[in-house]
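Below, read A as the first sequence line, B as the second, and so on, with proteins coming before strands; counting in each chain starts at 1. What you see is a predicted model; the values in this text were computed from it and never measured.
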Amino acid sequence: MILTELASTVLLLAGGAFFLAGTVGLMRFPDVYCRLHALAKVDNLGLGLVVLGLMLRADGLAQALKLGLVWLLALAASATVAYLVARRALRRGIAPWRGEGP
Amino acid sequence: MPDSEHRRSAILRPGFSSLLSVALFGGLWWVLAEGAWRAWGVGAVTVIAAVAASHLLWPPRVARVSPVGLAAFLFFFLWQSLRGGLVVAALALRPRLRLRPDLHELDLRLPPGPARVLLADALSLMPGTVSAGLAGDTLTVHLLDRGLVTEADLRQAEGKVAALFGLKLSAGEGGEGAGD
């Protein structure tokens, strides 16, 4: 159906835009902790939108749910990895960047 | 935490919980096999192994999840992670990057175990927070910008996790205003 195709395309493009924004954040943010925010949140939203867009094009319910499962696993993995990286950085005494002013 | 507290919120009885995990892992296999029926031979073995492994790793005693709490948590979580992505994307794309990051220590009222792990993971996907350490009863959270998150936001997330596990948080300990 043309409407689902359209919705799917919009979702895929929006997902791509968030991945781009996440990458911009990864490059622009000042320290390791801030960069984790860009990865853990923006990229996951991007992936969520891409998954939704692909679900609309899936052959059948099982395949659509499988795509949803991929997103859930990626969420759990990236939240855990963000935590591990941040914890390791803190333990090694890497002081968070505090900004220029109050 | 007192066990009676736990028991009161019990929704799954052991027998029912085994049945539920068979249904859950069966459904999972169906999804993984993309609905292919001829894969059921391997599937049956895998499902039985998965149920056994899950009972060993996470005994049913611990797995008390409130369905209403789960629905409320999922709704809250999806909405917050949508917000989180939008807010941080907007910050990243602003022509002049103006961040005021900070570390915040949150005194947890959740009991040790899966509830704390879930909170730490969920906070990393919400607007402006990344969990950076869990020691004793204190969760260290990195804030992307001090103006973005308040203690009340963190407490709200904690409350949603507590509701998911059918736990009641004591109002006194932990307390409000534990940070700046």
Counting heavy-atom pairs under 4.5 Å to chain B, which of [options] comes out on top?
options	answer
A:His37, A:Met27, A:Arg88	A:His37
A:Arg87, A:Arg91, A:Arg28	A:Arg28
A:Ala82, A:Ala79, A:Ala89, A:Ala76	A:Ala79

Are any non-hydrogen side-chain atoms of [X] and [Y] less than 4.5 angstrom apart?
X	Y	answer
B:Leu144	A:Tyr33	no
A:Leu65	B:Glu34	no
A:Phe29	B:Leu99	yes

What's the shortest heavy-atom distance between A:Leu90 and B:Ala132, and which atoms?
-> CD1-O, 3.5 Å
When every non-hydrogen atom of B:Phe77 is compared with those of A:Leu75, the smallest separation belongs to CE2-CD1, 3.8 Å
Taking a hydrophobic cluster as the set of Ile, Leu, Val, Met, Phe, Trp and Tyr residues connected by side-chain heavy atoms closer than 4.5 Å, whether directly or through intermediates, do [X] and [Y] fall within one such cluster?
X	Y	result
A:Phe19	A:Val70	no
B:Leu78	A:Leu67	yes
B:Phe165	B:Leu169	yes
B:Trp79	A:Leu49	yes

Sort [X] into side chain, backbone, both or neither according to what part of it lies under 4.5 angstrom from a heavy atom of chain A.
X	result
B:Arg94	backbone
B:Leu118	neither
B:Leu134	both

Determine which residues belonging to residues 53-63 of chain A lie within contact range of chain B, meaning some heavy atom pair is under 4.5 Å apart, and list them by number or answer 'none'.
-> A:Leu61, A:Ala62, A:Gln63
Out of [options], which one racks up the most heavy-atom pairs below 4.5 Å with chain A?
options	answer
B:Leu125, B:Thr140, B:Leu82	B:Leu125
B:Gly84, B:Pro101, B:Ser124	B:Pro101
B:Ser81, B:Ser131, B:Ala89	B:Ser131

Using side-chain contact (heavy atoms from CB on, under 4.5 Å) as the criterion, list what pairs up with B:Val51, not counting sequence neighbours.
-> B:Ser21, B:Val22, B:Phe25, B:Val47, B:His55
Does A:Lys41 reach the main-chain N or O of B:Arg83 with its side chain, forming a donor-acceptor pair under 3.5 Å?
-> no
Sub-3.5 Å donor-acceptor pair from the side chain of A:Lys66 to the main-chain atoms of B:Leu32, do we have one?
-> yes
Side chain, backbone, both or neither: which part of A:Tyr83 has a non-hydrogen atom closer than 4.5 Å to chain B?
-> both
Can you tell which part of A:Ser78 gets under 4.5 Å to a heavy atom of chain B, answering side chain, backbone, both or neither?
-> side chain
Heavy atoms from other residues, nucleotides or ligands near CG of A:Leu73 exceed 12 (cutoff 6.0 Å) = yes
Only residue of B:Leu91, B:Leu93, B:Val88 satisfying side-chain contact (heavy atoms from CB on, under 4.5 Å) with A:Val42 is B:Val88
